[in-house]
Every structure is written in structure tokens, then in C-alpha cells.
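All residue numbers refer to positions in the sequence shown, counting from 1. Values below: all heavy atoms of this structure, side chains included; hydrogens, waters and symmetry mates excluded.
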Amino acid sequence: MTADILELLAVAHTAAAAGAEVLAARPAGPNSAGNLGVVNKGDAGDWVTAFDVAAENAVRGAITAARPHDTITGEEHGTTRPEEPSGYRWSIDPLDGTTNFIRNIVYYATSVAVADADGVWLAGVVNAPALGRIYSAARGHGAWLEENGQRTQLSGPLLGRTGLIVASGFSYDPATRAEQFAGLGNLMEGFADLRRLGSAALDLCLVADGTHDAFGERGLNEHDYAAGALIAEEAGCWVRRPRLTSPLDGGPTDADRLEAWTCAGTLELSGKFPL
């Protein structure tokens, strides 16, 4: 049975709001990290908190309540397959920007997206509670920002402006990070400045709303970009998603993931990023 795209978007909104509500309960103050249940996942700087897990549980609960036959893949709990799968799959990142969350830096969000059986992304929401922003998109229905009670359609960066800004991020893997730093000069060619905000989902949304002119980063997981890439795309941006093995098939190797770029920007900037 084919689902209505706007109905899927409504579920994505509900699920992302459930995750964001968990994140919004973060204790106040810059020195409250001791109350977050912080654990290192292996790489230096790759953290998970009790809030990541609680937010993913909330997101999964909202999706399952509305669509019990959909498959879910998520950052913290992996893949959940129902006995009679519908063919739709949700990719969720309950807390994109965990290090920012730990340090009380406002760039973090819950990201929720859904694809059909062919892997086509249909709807996505990025809910950033500390910013008070909800970014969303449904395929063929545009990209939108809800903030301060206002709903605004997004149309990407301004064409032809000067002082271009590119956003990026850097790997936790030391060898990959060293390569990224070495190539930074080439990446910056044609741009006036670089921003590194620490949340790929929000970086993609900030391309969609025109804050960034472009974004490019190596080594992202699908859940990092699933919703944000669709939002940028529906805002009229050029988007390149990495061609990686699906989580349903075990996901990519670390080597393949670390080599792959996720990019977004205006079409005129598409040649700025490595293939």
C-alpha cells in the first residue's frame, strides 16, 4: 500500500518533536555535562549520552505508533524490521551534534527521514529545540522553516553573492582528519570563509535557508544527512548524497564511508567539491 507523502511528513514531524522534547529537557548551564550520562563510543570526541538513547526511544515510539509495519534504522539502536514490512524505512538521528549538546552549544537537533522501497527519500524533519527551529520537506512539496510561529518556504542561497561561506566538518579518525586539513586550501578556493558548526543535519538546513552558500563533508553516516539533504534539495539546491551500502545490507565499511562526500549548495558551486 502506497503511503501519502504528506501523511509521512506528519509522522516525521511528530517523531522529530518527540525526540526534540527529550533534548529540550537538558539541564541548564555550561557545566552540566556530568548530568547527561556521557559515554565515549570509541573514537576520541565521538560521544553518546543518555539523552541520545532516550530521544531515539521517543522517536521510534512515535513512528511505530503511527506506522507499525515500517522499518526503522537509527544511530543508537540499529535496524528494527517488522514481521510484515511495508517497504518504507525511517532513518533517524536522535541527537545530531552530540558534542555541541554536551557543551551546551545550541547547534544540535533530532533528524528524522523516510524513504520508499526504492530508496527514494520522501519526507524529512530536522527539529532543533535550542534554536527554536523546525526544518522540513516532503518530496515535491518544497522545504520549510517554522520559527517563532512563522512558516517560511526555503529557496536556498542567494545566487552570485560575494563573500561565499562553505560549511564542513572533520573526522574523528586522525588519519582522515589530517587528509582533510591538508586539502582544506583546495576546498576553500572560491570561498571567503569556513564554518564548522558540528551538526551536518543543520549545516544542510542552513544551506536550504541560505545561511551557508555550500556544505561539503566526508565520512557522514546516512542518518546524519537523510533529512537535511532532502530539505536542501526541496529548497532548490544541488545535492550530492554518497553512494554507500544501505543499513539494511549492513551499511558501508568505515573505509568507504570515510572516503564519501555529502555536498549541497547552488549549482554554480557544484564543481567545488571532490568527486
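- With a 4.5 Å cut-off on side-chain heavy atoms, D203 and H212 count as touching.
- For the pair Y88/D116, a side-chain contact is recorded, criterion being any heavy-atom separation below 4.5 Å from C-beta on.
- Side chain to side chain, D52 and T98 meet the donor-acceptor criterion of an N or O pair below 3.5 Å.
- Counting heavy atoms from C-beta outward, W90 and L8 have side chains that approach closer than 4.5 Å.
- Side-chain atoms of L95 and Y108, non-hydrogen and from C-beta on, do get closer than 4.5 Å to each other.
- Judged as a salt bridge (charged side-chain N to carboxylate O under 4.0 Å, His left out), and not counting sequence neighbours, the contacts of R161 are D213.
- Nearest heavy-atom pair, I5 versus A123, reported as atom, atom and distance to 0.1 Å: O-CB, 4.4 Å.
- No donor-acceptor pair under 3.5 Å is formed between the side chain of E217 and the backbone N or O of W261.
- Note on V112 and V114: same hydrophobic cluster, where clusters join Ile, Leu, Val, Met, Phe, Trp and Tyr whose side-chain heavy atoms are under 4.5 Å apart, directly or indirectly.
- For R133 and E146, the salt-bridge test fails: no basic side-chain N is under 4.0 Å from an acidic carboxylate O.
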Fill in: Steps toward side-chain hydrogen bond (donor to acceptor under 3.5 Å, both in side chains) verdict (R218, S171)
CA-CA 8 Å; R218 280 173 59 185; S171 175; over 6 Å; no
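- Side-chain atoms of D70 and S86 form a donor-acceptor pair, as typed in the model, at a separation below 3.5 Å.
- The minimum heavy-atom distance linking L202 with A128 is given by the pair CD2-CB, 4.0 Å.
- Hydrophobic clustering of Ile, Leu, Val, Met, Phe, Trp and Tyr side chains at less than 4.5 Å, counting indirect connections, unites F273 with L164.
- Within 6.0 Å of the CD atom in E21, the count of heavy atoms belonging to other residues, nucleotides or ligands does not exceed 12.
- Taking the ring centre of F101 as origin, the terminal cationic atom of R26 falls inside the region bounded by 6.0 Å and 45° from the ring axis.
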Fill in: Pair I165-F215, side chain to side chain contact (heavy atoms under 4.5 Å, CB included): steps then yes or no
CA-CA 9 Å; I165 290 176; F215 166 76; over 6 Å; no
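- More than 12 heavy-atom neighbours from other residues, nucleotides or ligands sit within 6.0 angstrom of CZ on R196.
- The pair E222-R257 does not count as a salt bridge, with every side-chain nitrogen at least 4.0 angstrom from each carboxylate oxygen.
- The side-chain heavy atoms of T110 and L23, taken from C-beta on, include a pair separated by under 4.5 Å.
- Checking D96 against S199 by side-chain atom types alone, a donor-acceptor pair falls below 3.5 Å.
- Looking at S111 and Y225, their side chains never come closer than 4.5 Å, going by heavy atoms from C-beta outward.
- Note: the hydrophobic cluster containing L154 does not contain L9 (ILVMFWY, side chain heavy atoms under 4.5 Å, direct or indirect links).
- Under the 4.5 Å side-chain contact rule for hydrophobic residues, L267 and F191 share a cluster.
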Item to complete: Start with the C-alpha gap between I231 and L204, add the side-chain angles, then the distance that decides, and say whether side chain to side chain contact (heavy atoms under 4.5 Å, CB included) holds.
Response: CA-CA 8 Å; I231 291 164; L204 287 160; over 6 Å; no
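- Side-chain contact between P82 and T71 is present, with heavy atoms from C-beta onward closer than 4.5 Å.
- D118 places no side-chain N or O within donor-acceptor distance of the main-chain N or O of V120, the cut-off being under 3.5 Å.
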Worksheet item: For N127 and Y135, what are the C-alpha separation, side-chain angles and deciding distance, and is it a side-chain hydrogen bond (donor to acceptor under 3.5 Å, both in side chains)?
Response: CA-CA 6 Å; N127 189 318; Y135 293 91; over 6 Å; no
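- To the nearest 0.5 Å, the span separating CD1 on I72 from CD on E56 amounts to 8.5 Å.
- F170 and L258 are assigned to two separate hydrophobic clusters, defined by single-linkage of ILVMFWY side chains at heavy-atom distances under 4.5 Å.
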Item to complete: List the steps and the verdict of side chain to side chain contact (heavy atoms under 4.5 Å, CB included) for L194 and M188.
Response: CA-CA 7 Å; L194 171 76; M188 288 297 300; 3.6 Å; yes
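- Here the CG-CG distance, from L230 to L122, works out to 8.0 Å after rounding to the nearest 0.5 Å.
- The main-chain N or O of N221 is found under 3.5 Å from a side-chain atom of D224 such that the two form a donor-acceptor pair.
- With contacts defined as side-chain heavy-atom distances shorter than 4.5 Å, the pair L248/R89 qualifies.
- In terms of modelled atom types and a separation under 3.5 Å, the side chain of R177 and the main chain of Y172 share a donor-acceptor contact.
- A donor-acceptor distance shorter than 3.5 angstrom exists from the side chain of E234 to the backbone of G140, with no hydrogens or angles considered.
- With D209 contributing its side chain and T211 its backbone, the two residues share a donor-acceptor pair below 3.5 Å.
- Side-chain contact, T262 with R240: no donor N or O sits under 3.5 Å from an acceptor N or O.
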Fill in: Criterion side chain to side chain contact (heavy atoms under 4.5 Å, CB included) on W238 and E268, from CA distance to verdict
CA-CA 9 Å; W238 163 81; E268 64 185 353; over 6 Å; no
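- Without hydrogens or angle criteria, T14 side chain to A10 main chain gives a donor-acceptor distance under 3.5 Å.
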